[in-house]
Novice: 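The following block contains the structure, expressed as structure tokens.
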Amino acid sequence: MHYIEDLKQYIGQEVVLKGWVTNRRSSKGIEFIILRDGTGFVQCVVDVNEAGEQVYERAHRLTQETAVEFKGYVLEDERQLGGVEVHVRNIEVIGPSQDYPITNKPHGIDFLLDHRHLWLRHRRPWAIMRVRNTIIFAIHQFFQQEGFVQADAPIFTPNAVEGTTTLFETMFYDRPAYLTQSGQLYGEAMAMALGKIYTFGPTFRAEKSKTRRHLSEFWMIEPEMAFYDNEMNMDLIERFIKFVVARVLEKNKFELELLERDTTILENTINKPFPRITYDEAVQIIRGEKQVKGKTTIGLLEEMKASTEDRIKTLEKEIAEREKILADPNLKQGKRNFIQNKVDTMKHELKELQEKLKNIPQWIDSAKNFEYGEDFGGSDETALTSLFDTPIMVYNWPKAIKAFYMKEVPGRPDLVKGIDVLAPEGYGEIVGGSERESNFDILLESIRKHGLPEKFFQWYLDLRRFGGVPHSGFGLGLERFVAWITKTYHVREVIPFPRYYGRLEP
RNA sequence: UCCCCCGUAGCUCAGUUGGUUAGAGCACCGGACUGUUAAUCCGGGUGUCGAAGGUUCAAGUCCUUCCGGGGGAGCCA
């Protein structure tokens with residue numbers, strides 16, 4: 001038995017493939033079957049002159065997702081995605097398949113997610129899961145070779161780390177408990193024991209958010225380093241992201257091509273330093289008061305508005321032209337259907353563009369009037385990051401909007417040493433980190449100010465009572481990272497079985 | 001919790017200022033075509049128009065409420 005990913009080594013030789021039929025096309029005397037086996041996709045050709053009448057007939061009856069065994073030989077073929085195709089000599093059916101629900105035509109996201117167990121078999125999810133795997137492996141590789149110890153935090157917790165509104169409540173024997181929102185506080189304890197650690201586990205947030213950046217259950221990687229200040233933290237984050245992106249570019253060329261991912265920004269990410277800007281500077285840039293490489297956010301948004309308007313005009317003209325053709329009663333049926341489909345597609349795009357056009361003035365407004373001290377909104381992040389061609393790091397944030405454990409900036413008690421890494425191309429925050437407050441008194445006061453239950457934080461305060469040291473860490477949201485690297489619009493497509501508000505099945 | 005959009009065939013969607021019998025494509029079946037890339041072409045039938053109530057001579061279309069979905073805000077990774 002052979003695997004599709006290895007076929008290049010068997011050119012001119014006999015192979016046995018076991019897999020599933022994902023698509024079949026036919027012409028007289030010839031059948032083209034796309035076979036998948038988990039390692040890849042390959043076109044298999046059944047020619048009646050080569051395979052004989054009986055095998056050809058069998059091929060003709062194969063339905064989508066039938067499990068089969070093909071015997072055949074491999075030929076090089078530049079036209080195919082993997083560069084090879086298989087000429088089939090024999091076919092055995094292993095498992096039949098009837099009325100497979102996901103057809104080779106567009107489906108809505110709700111339908112696809114209702115069939116997630118089957119949708120995973122298709123090209124896009126397949127490619128995304130392979131990239132996700134590369135990313136996970138590279139994360140471990142990076143930290144292991146940097147001398148980190150993987151050490152996991154508990155999932156049941158007695159209290160909230162930050163705020164209480166977004167906790168999933170459950171029972172732990174006879175007392176209430178919550179699913180973890182972050183392993184960070186435990187990470188700090190483990191860093192005091194092991195020096196440099198990282199956690200890798202699921203995280204739960206009961207946010208009733210319906211946006212492309214949110215899940216109720218997602219995976220987080222949280223490194224924590226004793227004796228690291230925020231500068232060292234930022235250096236580590238940058239090295240880390242560069243390492244992982246480089247591994248993906250190396251190992252997943254085929255998948256990225258299949259996903260039609262333009263890799264320019266990914267190449268930049270590994271080759272160029274990440275701009276580091278303070279929150280103060282970022283605010284100036286968002287407001288359009290400060291230029292980056294001769295451009296401002298406001299100018300960029302204006303440009304976006306103009307190009308959207310142009311596109312709308314072109315579409316309207318094309319739709320009108322085609323509708324004129326459709327008015328002719330003598331038009332052939334086939335031609336009519338073809339043009340009607342085109343018109344429907346264009347109308348769809350038009351609707352989306354009009355929606356976008358409506359929003360741009362609000363984005364401009366939000367950017368211009370951005371108030372110092374606030375957190376960035378989605379459109380602000382998009383405007384800010386689109387001026388750069390790599391991820392950027394924003395540091396020294398207003399204390400009021402950040403978590404209680406972040407260390408104050410010396411001489412600026414209104415600021416804390418937090419860092420957000422913002423991914424380009426509209427993906428926004430993928431990493432949040434900080435240097436932690438190591439001063440016992442300031443930390444205790446901060447816990448009180450945030451109204452957190454002191455008794456649950458005694459163990460955490462112990463980390464400062466007994467040999468407290470400067471330390472830093474960060475959290476990476478795996479799904480947001482994968483979504484950005486694969487340029488997937490919504491995070492729910494980069495986890496095998498997503499859980500978010502309104503979705504618990506399958 | 002708030003704002004915007006959507007709910008029509010198994011799936012994706014059209015359906016005009018309310019007006020005769022509800023319209024395509026895909027999927028499925030049959031046929032044509034000897035290299036297709038979501039193949040194409042010809043033929044074949046499919047509906048509780050999300051639910052309830054209301055306005056009207058007449059509702060898929062208008063109004064109200066509810067249910068489900070999408071996008072966004074807030075919050076965040």
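It should be emphasised that the depicted structure is a prediction, and the values quoted were computed from it without experimental measurement. Naming convention: chains lettered A, B, ... in sequence-line order (proteins, then strands); numbering from 1 in each chain.
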Novice: Can you tell me how the ring of A:Phe148 sits relative to the ring of A:Tyr198, calling it parallel under 30°, perpendicular over 60° and tilted otherwise?
Specialist: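 Rings of A:Phe148 and A:Tyr198: perpendicular, over 60°.
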Novice: What is the pairing partner of B:rA58, taking Watson-Crick or G-U wobble pairs with both distances under 3.5 Å in any strand?
Specialist: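 The base-pairing partner of B:rA58, which may sit in any strand shown, does not exist here.
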Novice: So what's B:rG68 paired with, Watson-Crick or G-U wobble, going by both distances under 3.5 Å?
Specialist: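 WC or wobble partner is B:rC6.
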Novice: Select base, sugar-phosphate, or nothing to describe what A:Gln80 touches, counting heavy atoms under 4.0 Å on all strands.
Specialist: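 The answer is base, as A:Gln80 lies within the cut-off (heavy atoms under 4.0 Å) of a base atom.
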Novice: What orientation do A:Tyr372 and A:Tyr279 show, parallel under 30°, tilted 30 to 60°, or perpendicular over 60°?
Specialist: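 If you compare the ring of A:Tyr372 with that of A:Tyr279, the planes turn out perpendicular.
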Novice: Classify the nucleic acid contact of A:Arg492 as base, sugar-phosphate or nothing, counting any heavy atom under 4.0 Å across all strands shown.
Specialist: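 Since only primed, P, OP1 and OP2 atoms lie under 4.0 Å of A:Arg492, the category is sugar-phosphate.
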Novice: Please report, rounded to the nearest Å, how far the C1' atom of B:rU37 is from the CD atom of A:Glu260.
Specialist: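 One finds 13 Å between C1' of B:rU37 and CD of A:Glu260, rounded.
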Novice: Of A:Arg480 and A:Asp77, whose closest RNA chain B nucleotide lies nearer the 5' terminus?
Specialist: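 The residue mapped nearer the 5' terminus is A:Asp77.
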Novice: Counting distance alone, no hydrogens or angles: does the base of B:rU36 have a donor or acceptor under 3.5 Å from a partner atom on the side chain of A:Gln43?
Specialist: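 Between B:rU36 and A:Gln43, which were checked side chain against base, a qualifying N/O pair under 3.5 Å is present.
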Novice: Are OP1 or OP2 of B:rC29 and a side-chain N or O of A:Arg61 less than 4.0 angstrom apart?
Specialist: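 So the side chain of A:Arg61 is outside the cut-off, no N or O lying under 4.0 Å from OP1 or OP2 of B:rC29.
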Novice: Between B:rG18 and B:rG45, how far apart are the two C1' atoms, rounded to whole Å?
Specialist: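 B:rG18 and B:rG45 have their C1' atoms separated by 29 Å.
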Novice: Measure the distance from CZ on A:Phe111 to P on B:rG10 and round it to the nearest whole Å.
Specialist: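 It is 11 Å, rounded to the nearest whole Å.
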Novice: According to the interplanar angle, ranging from 0 to 90°, do the rings of A:Trp126 and A:Phe41 count as parallel (below 30°), tilted (30 to 60°) or perpendicular (above 60°)?
Specialist: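 Perpendicular.
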Novice: Separation of A:Phe204 atom CZ from B:rC76 atom P, in whole Å?
Specialist: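 Computing the A:Phe204:CZ to B:rC76:P distance gives 20 Å.
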Novice: Can you see if the side chain of A:Arg213 gets near the phosphate of B:rA73 - specifically, an N or O under 4.0 Å from OP1 or OP2?
Specialist: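 Yes, A:Arg213 has a side-chain N/O under 4.0 Å of OP1/OP2 on B:rA73.
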Novice: Between B:rC49 and B:rU21, how far apart are the C1' atoms? Round to whole Å, please.
Specialist: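 Those two atoms are separated by 16 Å.
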Novice: Counting the atoms with a prime plus P, OP1 and OP2 as sugar-phosphate, which does A:Ile109 contact under 4.0 Å by heavy atoms, base, sugar-phosphate, or nothing?
Specialist: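 The residue A:Ile109 makes sugar-phosphate contact but no base contact.
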Novice: Is the phosphate of B:rG68, meaning OP1 or OP2, less than 4.0 Å from a side-chain N or O of A:Tyr501?
Specialist: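 Answer no for this pair, as no side-chain N or O of A:Tyr501 is under 4.0 Å from OP1 or OP2.
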Novice: Counting Watson-Crick and G-U wobble pairs only, both distances under 3.5 Å, name the nucleotide matched with B:rC76, or none.
Specialist: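 Result: none.
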Novice: For nucleotides B:rA9 and B:rU46, find the distance between their P atoms and express it as a whole number of Å.
Specialist: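 The same atom, P, in both gives a distance of 15 Å.
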Novice: Report yes or no: is there a donor-acceptor pair, N or O only, under 3.5 Å between the side chain of A:Glu85 and the base of B:rG35?
Specialist: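 Yes, a donor-acceptor pair under 3.5 Å.
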Novice: Side chain of A:Glu31, base of B:rU34: donor and acceptor closer than 3.5 Å?
Specialist: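 Check fails, no donor-acceptor contact within cut-off.
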Novice: A:His490 side chain N/O closer than 4.0 Å to the phosphate oxygens (OP1, OP2) of B:rG70?
Specialist: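 No, no such contact exists.
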Novice: Could you tell me the Watson-Crick or G-U partner of B:rG25, where both distances fall under 3.5 Å? Say none if there is no partner.
Specialist: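 Across all strands, the one nucleotide that pairs with B:rG25 is B:rC11.
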Novice: In whole Å, what separates the P atom of B:rC41 from that of B:rA58?
Specialist: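 Pairwise P distance, B:rC41 against B:rA58, rounds to 44 Å.
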Novice: So what does A:Gly428 hit on the nucleic acid, given a heavy-atom distance under 4.0 Å: a base, only sugar-phosphate, or nothing?
Specialist: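 If one applies the 4.0 Å heavy-atom cut-off, A:Gly428 turns out to touch nothing in the nucleic acid.
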Novice: Mind checking whether A:His115 and A:His117 have parallel, tilted or perpendicular rings, split at 30° and 60°?
Specialist: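 Answer is parallel, since the angle falls under 30°.
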Novice: Using atom CD1 of A:Ile30 as one end and atom C1' of B:rU34 as the other, report the distance to the nearest whole Å.
Specialist: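 Roughly 6 Å, once rounded to whole Å.
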Novice: Between B:rC66 and B:rA77, how far apart are the C1' atoms? Round to whole Å, please.
Specialist: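 To the nearest whole Å, 35 Å.
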Novice: Tell me whether the guanidinium CZ or amine NZ of A:Arg212 lies under 6.0 angstrom from the six-membered ring centre of A:Tyr427 and within 45° of its axis.
Specialist: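 Relative to the ring axis of A:Tyr427, which defines the angle, A:Arg212 lies inside both limits.
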Novice: Among B:rG72, B:rA38, B:rU34, find the nucleotide with the atom closest to the side chain of A:Asn23.
Specialist: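 Nearest listed nucleotide: B:rA38.
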Novice: Scan A:Val431 against the nucleic acid and name what it touches under 4.0 Å (heavy atoms): base, sugar-phosphate only, or nothing.
Specialist: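 Touches sugar-phosphate only.
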Novice: For atom P, what is the distance between B:rG60 and B:rG7, given to the nearest Å?
Specialist: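 My reading of the P atoms in B:rG60 and B:rG7 gives 14 Å.
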Novice: What nucleic acid atoms does A:Thr203 come within less than 4.0 Å of, heavy atoms only: base, sugar-phosphate, or nothing?
Specialist: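 Nothing: the residue A:Thr203, judged by heavy atoms under 4.0 Å, touches no strand.
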Novice: So what's B:rG45 paired with, Watson-Crick or G-U wobble, going by both distances under 3.5 Å?
Specialist: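 Because no pair has both required distances under 3.5 Å, B:rG45 counts as unpaired.
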Novice: Aromatic ring centroids of A:Phe474 and A:Phe240 under 6.0 Å?
Specialist: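 A:Phe474 vs A:Phe240: aromatic centres under 6.0 Å.
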Novice: Is the base of B:rA77 stacked against the aromatic ring of A:Phe218, taking ring centres under 5.5 Å apart and planes under 30° as the test?
Specialist: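 Stack criterion met.
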Novice: Please determine whether a side-chain nitrogen or oxygen atom of A:Arg25 lies at a distance below 4.0 Å from atom OP1 or OP2 of B:rG35.
Specialist: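 Checking B:rG35 against A:Arg25, no side-chain N or O comes under 4.0 Å of OP1 or OP2.
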Novice: How many Å lie between CD on A:Gln362 and P on B:rG72, as a whole number?
Specialist: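 One finds 13 Å between P of B:rG72 and CD of A:Gln362, rounded.
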Novice: Figure out the CD1/C1' separation between A:Ile34 and B:rA39, and round it to whole Å.
Specialist: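 Checked: the CD1 to C1' distance equals 11 Å.
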Novice: When rounded to the nearest 0.5 angstrom, what is the spacing between CG in A:Leu35 and OG1 in A:Thr66?
Specialist: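 Answer rounded to 0.5 Å: 10.5 Å.
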Novice: With P as the reference atom in both, quote the distance from B:rU16 to B:rU61 in angstrom, rounded to an integer.
Specialist: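 Per the computed distance, 11 Å lies between those P atoms.
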Novice: Students often get this wrong, so: under 4.0 angstrom with heavy atoms, is A:Asp420 touching a base, only sugar-phosphate, or nothing?
Specialist: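 Nothing: the residue A:Asp420, judged by heavy atoms under 4.0 Å, touches no strand.
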Novice: Which whole number of Å gives the distance between the P atom of B:rG44 and that of B:rU34?
Specialist: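 Going atom to atom, P in each nucleotide, I get 25 Å.
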Novice: Does A:Phe32 or A:Thr63 map to a spot on RNA chain B nearer the 5' end, using the closest nucleotide for each?
Specialist: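 Mapping each residue to its closest nucleotide by heavy atoms, the 5'-most match is A:Thr63.
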Novice: Are side-chain heavy atoms of A:Arg247 and A:Phe142 found at a separation under 4.5 Å?
Specialist: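 When only atoms from C-beta onward are counted, A:Phe142 and A:Arg247 do not touch, as no gap falls below 4.5 Å.
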Novice: Whole Å only: how far is the CG atom of A:Asp365 from the P atom of B:rG72?
Specialist: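 In whole Å, B:rG72 P lies 19 Å from A:Asp365 CG.
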Novice: Nearest-Å distance, CD (A:Gln64) to P (B:rA27)?
Specialist: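 After rounding, the gap between these two atoms is 9 Å.
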Novice: Between A:Val88, A:Ile30, A:Val55, which is the residue that forms a side chain to side chain contact (heavy atoms under 4.5 Å, CB included) with A:Asp47?
Specialist: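 So, applying the side chain to side chain contact (heavy atoms under 4.5 Å, CB included) to A:Asp47 and each of A:Val88, A:Ile30, A:Val55, only A:Ile30 qualifies.
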Novice: So what does A:Phe41 hit on the nucleic acid, given a heavy-atom distance under 4.0 Å: a base, only sugar-phosphate, or nothing?
Specialist: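 If one applies the 4.0 Å heavy-atom cut-off, A:Phe41 turns out to touch nothing in the nucleic acid.
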